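Predicted model, so just to flag it, every value in this text is computed and none were measured. Letters A, B, ... are given to chains in the order of the sequence lines, protein chains preceding strands, and every chain is numbered from 1.
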Amino acid sequence: MPIYEIIHTGRVPVYVYTDTLDHSSRQQLMNVATLPFIFKHVAAMPDVHAGRGAVIGSVIPTQGAVIPAAVGVDIGCGMQAVKLDMKATVLEQQAEALQHAIEEAVPHGRTHQGGAMDRGAWQRVPPALQSYWATFGLPQQLPDVLKRHPKLLHDRVNGERHLGTLGTGNHFIELCLDENRQVWLMLHSGSRGIGNRIGTYFIEWARQEMGSRLKQLPDPDLASLQEGTAAFADYVSCVAWAQGFAKANRTFMRQAILATLADCLGTPVAIVGEVIDCHHNTMEREQHFKQSVWVTRKGAIRARKTDLGIVPGSMGAKSYIVRGRGNPQTFCSSAHGAGRVMSRGEAKRRFSKADLEQQTAGVTCRKDAAVLDEIPAAYKDIHTVMAQQADLVEILHTLKQLVCVKG
DNA sequence: ATGTAC
């Protein structure tokens, strides 16, 4: 479907790909559209909902400046999916055992005082981390800014420990069946403690650099770093590093899960086809409308014609493997998932454990009060989201989860 | 989303 609405109140227009835009999201989009360094227009995806500074589900192209709070704190958060050489019947018959095996194999939940995860074995903390990073093509040298600043350097300890760990909240691991009863492994996680620290650090740095001009902004979380400054260069290198860390984190988990599946089934489990991996909290330099632009995608994925992407629904809904349509009106982007319709607190107040059991019927997963904030009814209907972005992506596969592991 | 302080 086409653009539902164009907001014209700002310096540049906002193209809105949904007919259900809540008041605070609208205000945040209007705020961003007033900034002097936005290139051409802002795009709001069908899963748009209010975030910190900028809305989640937006594409913000800029020239000469970037907004650290628009990228957010989970830099490089995203999805990874692979099709597996495994029988559907095996997954159906062993769903519960596989759920527990994955929970055992992948550390998940929270850390405390830099300590171990709440749950999951801590079996793959690399003895020589640098060689692991080299394996995944990460820069062996940390960005200078990480070394120069004691706070970031201290938290790097957690960064090392967090490689290969799931995290909490909406991060998850799923085993799914597609429309042809092919088995897929799909997971959602980001750059964990270290990426969070980098994001928080530069959000504060941007505020400091703005000085007295901060008061002139519609929202202090729209503080920006100006291209050409040392802070800008440091931020760009740290974001690139954190995105690499996030992707490596997802790759570590995928390998640990494949190993545990092989253990459970008594036979190696091969990947069929390519590994699909996409960030949905990112900032990258790209060419659009024949110009070089910084594209910030906050809860949005890149969807050029050559891009494969993953659009997950909630823990009771379907997910989609997609191919981009290269639509210039969204700077080649699409929605990153279903998008929340209510806060975690409101979901916990409004729904019961019985509601969660009913809404996740047929899915082998935790159904206790601790994951009530992830109940499907707290998210938009993913079918509506996909219909509203038919101009942005083509659906290649439709996945339904049988096993879901939550952090 | 995360770590930490309250």
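Distance CD1 (A:Ile198) to C1' (B:dG3): 15 Å, rounded to an integer number of Å. Following rounding to the nearest Å, A:Ile194 (CD1) and B:dA1 (P) show an atom-to-atom distance of 19 Å. Atom CG of A:Asn170 is separated from atom C1' of B:dA1 by 8 Å (rounded to the nearest Å). With rounding to whole Å, A:Leu166 atom CG is found 11 Å from B:dA1 atom P. Separating the CD atom of A:Glu204 from the P atom of B:dT2 is a distance of 21 Å, rounded to the nearest angstrom. The separation between A:Phe202 atom CZ and B:dA1 atom P is 22 Å, rounded to whole Å. Straight-line distance from the OH atom of A:Tyr201 to the P atom of B:dG3: 19 Å, rounded to whole Å. Taking atom NE2 of A:His162 as the reference point, atom P of B:dT2 lies 8 Å away to the nearest angstrom.
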Inset, instruction - Take A:His288 and A:Gln291 through the test side chain to side chain contact (heavy atoms under 4.5 Å, CB included) and record every step on the way to the result. - result: CA-CA 5 Å; A:His288 290 280; A:Gln291 291 199 45; over 6 Å; no
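A close approach under 4.0 Å does occur between a side-chain nitrogen or oxygen of A:Thr168 and OP1 or OP2 of B:dT2. Contact between the side-chain N/O atoms of A:Arg52 and the OP1/OP2 oxygens of B:dA1 is not found at any separation under 4.0 Å.
No side-chain donor from either of A:Arg192 and A:His171 sits under 3.5 Å from a side-chain acceptor of the other.
In the set B:dA1, B:dT2, B:dG3, the nucleotide with an atom closest to the side chain of A:Arg110 is B:dG3. Candidate nucleotides B:dG3, B:dA1, B:dT2 were compared by shortest atom distance to the side chain of A:Asp74, and B:dA1 ranks first.
Applying the side chain to side chain contact (heavy atoms under 4.5 Å, CB included) rule to A:Gln182 yields the partners A:Lys83, A:Asp178, A:Asn180, A:Trp184; only residues at least two apart in sequence or on another chain are considered.
Among A:Gln80, A:Glu174, A:His280, the single residue meeting the side-chain hydrogen bond (donor to acceptor under 3.5 Å, both in side chains) criterion with A:His188 is A:His280.
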